[in-house]
Amino acid sequence: MAEQKKLIVIAGPTAVGKTAIAIEVAKSLDTEIISADSRQCYRGMTIGTAQPSAEERAIVPHHFVDCYDVQEALNAADFERYALEKLEDIFAQHQYAVVCGGTGLYLKALCEGLDDMPAIDPIINQVVLDHYAAKGMDWMCKELRQKDPEFAAMGAMDNPARMLRALAFKLSVGTSIVQYRTAVKKDRPFDIINIGLELPREQLYERINQRVDIMMQQGLLQEAQQLYPQRHLKNLQTVGYAELFAYLENKMTIAQAVEKIKQHSRNYAKRQLTWFKKDKAFTWLNAQDPHLMAKIADVL
RNA sequence: GGUGCGAUAGCUCAGUUGGUAGAGCAAUGGACUGAAAAUCCAUGUGUCGGGGGUUCAAAUCCCUCUCGCACCA
């Protein structure tokens with residue numbers, strides 16, 4: 001009987017050095033990488049999302065990078081499907097596969113699965129969005145309390161993003177979204193090894209600041225200019241672009257925009273750490289440990 | 001040199017007729033099952049520029065000094 005296939009998850013905050021390390025790991029195991037990053041998958045967001053370069057991709061094949069139009073709004077469930085399918089291909093030829101990324105929900109979707117849920121009618125969804133834009137939170141609270149008291153009772157009634165989905169779900173499916181949330185972990189036909197990369201906070205923040213300066217030198221502003229006409233897409237509600245759009249609209253100076261990008265990247269890194277640290281399955285390693293590769297080999 | 005305005009949380013500022021301070025942003029911590037680089041929640045002791053005075057009580061009134069800004073010379 002063949003040995004169980006193994007998925008190596010490499011996660012951590014932005015700018016910690018995940019990409020380079022994942023490449024080294026994948027190369028040494030002679031396998032491929034699936035990126036678990038909700039923004040690197042879009043074409044045209046090359047510099048701002050720090051997509052692996054062509055040279056890096058020539059060393060190890062990457063998937064879910066630079067392969068969708070920004071108009072296509074993918075979500076965690078789409079990633080789950082994509083990654084499971086791709087893993088089947090990779091495992092057909094390799095003992096190991098590497099998933100590398102910083103989007104916690106996507107990693108969770110892949111490793112534990114999302115509950116199966118019916119799709120929301122896009123027309124109803126749009127109607128709900130429009131009503132919310134016109135009438136605001138008060139309207140949505142009232143509407144939810146009336147139409148989906150079960151959700152309203154759960155106490156997420158201060159978060160518009162989730163309320164919007166709950167309302168649109170209830171209106172198009174007819175049942176409360178709460179009914180579909182079983183939180184049952186799915187069994188996957190492979191072992192999962194979780195590796196978290198970290199650095200002392202000060203050092204991480206310093207790296208983030210430096211990387212933003214480098215991105216600007218590489219032409220982030222020009223990249224943002226090209227995407228500017230599509231700035232209202234949710235995929236472009238992204239650190240590094242939103243701030244430059246504000247600059248392009250004369251809402252702040254370029255220096256202020258760069259400062260904001262650094263600040264928001266630091267905030268984002270902290271949120272990522274909060275998410276991953278809660279998951280006790282991770283083995284944490286210092287991203288700059290000189291014996292990193294040996295330590296990773298130990299974990300496998 | 002003169003006059004006026006300002007000096008309050010890391011930053012920008014509120015502070016009503018005197019009752020020992022509060023917002024936004026930042027920062028820190030946290031949540032998060034289909035927008036997740038998103039979205040949201042929690043946390044505010046700071047010689048109220050220094051010194052003196054009036055008062056039971058002063059960020060708030062008076063005097064003075066220091067520093068900024070503006071205007072007049």
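These figures come from a predicted structure and were not determined experimentally. Within every chain, numbering begins at 1; the chains are lettered A, B, ... in the order of the sequence lines, protein sequences first and strands thereafter. Only this structure's heavy atoms are used, side chains among them; waters, hydrogens and symmetry mates stay out.
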| task | Assign A:Leu74 to base, sugar-phosphate, or nothing according to its heavy-atom contacts below 4.0 angstrom with the strands shown. | result | sugar-phosphate

| request: Measure the distance from NZ on A:Lys270 to C1' on B:rC40 and round it to the nearest whole Å. | output: 14 Å

| Length of the CG-P vector between A:Asn75 and B:rA35, whole Å | 6 Å

| said: What contact category does A:Val178 fall into here, base, sugar-phosphate, or nothing, at under 4.0 angstrom with non-hydrogen atoms? | reply: nothing

| task | Using whole Å, report how far CG of A:Leu273 lies from P of B:rU28. | result | 11 Å

| request: Please check if any side-chain donor atom of A:Glu223 sits under 3.5 Å from a side-chain acceptor atom of A:Tyr241, or the reverse. | output: yes

| Shortest side-chain distance from A:Pro160, nucleotide among B:rA37, B:rU39, B:rG30 | B:rU39

| request: Map A:Thr274 and A:Tyr241 onto RNA chain B by nearest heavy atom, then report which one ends up closer to the 5' terminus. | output: A:Thr274

| said: Please confirm whether the shortest side-chain N or O distance from A:Arg165 to OP1 or OP2 of B:rG34 is below 4.0 Å. | reply: yes

| Does NZ or CZ of A:Arg231 fall inside the cone over A:Tyr228's six-membered ring, less than 6.0 Å from its centre and within 45° of the axis? | yes

| said: For A:Glu150, I'd like to know if atom CD has over 12 heavy atoms of other residues, nucleotides or ligands within 6.0 Å. | reply: yes

| task | On the 0 to 90° scale, with breaks at 30° and 60°, tag the A:Tyr68-A:Tyr82 ring pair as parallel, tilted or perpendicular. | result | perpendicular

| request: Could you check whether A:Arg201 gets within reach of a base, just the sugar-phosphate, or nothing at all, counting any heavy atom under 4.0 Å? | output: sugar-phosphate

| query | With a distance cut-off below 6.0 Å to the six-membered ring centre and an angular limit of 45° from the axis, does A:Lys277 pair with A:Trp284 as a cation-pi contact? | reply | yes

| said: Looking at A:Arg271, I'd like to know whether one of its side-chain N or O atoms comes within less than 4.0 Å of OP1 or OP2 on B:rG29. | reply: no

I'd like a table of donor-acceptor pairs (distance under 3.5 Å, sequence neighbours excluded) in which one partner is a side-chain atom from residues 287-296 of chain A, with atom names and distances.
| from | atom 1 | to | atom 2 | distance (Å) |
| --- | --- | --- | --- | --- |
| A:Gln288 | OE1 | A:Gln203 | NE2 | 2.8 |
| A:Asp289 | OD1 | A:His291 | N | 2.7 |
| A:Asp289 | OD2 | A:Lys295 | NZ | 2.6 |

| Over how many whole Å does the gap from A:Met163 atom CE to B:rC41 atom C1' extend? | 14 Å

| Side-chain N or O of A:Arg181 closer than 4.0 Å to phosphate OP1/OP2 of B:rG34 | yes

| query | If you look at every strand shown and take non-hydrogen atoms under 4.0 Å, does A:Tyr106 touch a base, only sugar-phosphate, or nothing? | reply | sugar-phosphate

| remark: In whole angstroms, the gap separating P of B:rA35 from CG of A:Leu105 amounts to 9 Å

| message | Within the 4.0 Å heavy-atom criterion, would you say A:Ser265 contacts the bases, only the backbone, or no part of the nucleic acid? | response | nothing

Pairs under 3.5 angstrom, nitrogen or oxygen only, protein versus nucleotides 24-27 of chain B, please.
| from | atom 1 | to | atom 2 | distance (Å) |
| --- | --- | --- | --- | --- |
| B:rA27 | OP2 | A:Asn267 | ND2 | 3.1 |

| query | Which part of the nucleic acid, if any, lies within reach of A:Thr103 when heavy atoms closer than 4.0 Å are counted: base, sugar-phosphate only, or nothing? | reply | sugar-phosphate

| remark: Winner on side-chain proximity to A:Asp158, out of B:rA31, B:rA38, B:rC41, is B:rC41

| note | Taking for A:Gln272 and for A:Arg81 the nucleotide of RNA chain B with the nearest heavy atom, the one nearer the 5' end belongs to A:Arg81

| Min side-chain heavy-atom separation A:Met137-A:Tyr132 under 4.5 Å | yes

| task | Identify whether the glycosidic angle of B:rG6 places it syn (within 90° of 0) or anti. | result | anti

| request: Return one dot-bracket line describing RNA chain B 5' to 3' (Watson-Crick or G-U wobble pairs, both distances under 3.5 Å; ( ) same strand, [ ] crossing, | another strand, . none). | output: (((((((..((((........)))).(((((.......))))).....(((((.......)))))))))))).

| Across the strands shown, which category fits A:Gly48 at heavy-atom distances under 4.0 angstrom: base, sugar-phosphate, nothing? | base

| said: Could you check whether atom CG of A:Asp298 has more than 12 heavy atoms from other residues, nucleotides or ligands sitting under 6.0 Å from it? | reply: yes

| message | Could you check whether any side-chain N or O of A:Arg266 sits under 3.5 Å from a backbone N or O of A:Tyr205, counting only pairs where one atom can act as donor and the other as acceptor? | response | no

| field | Other residues, nucleotides, ligands: >12 heavy atoms within 6.0 Å of A:Glu249 CD | value | yes

| field | Between B:rA23 and B:rG2 - C1' atom distance, rounded Å | value | 38 Å

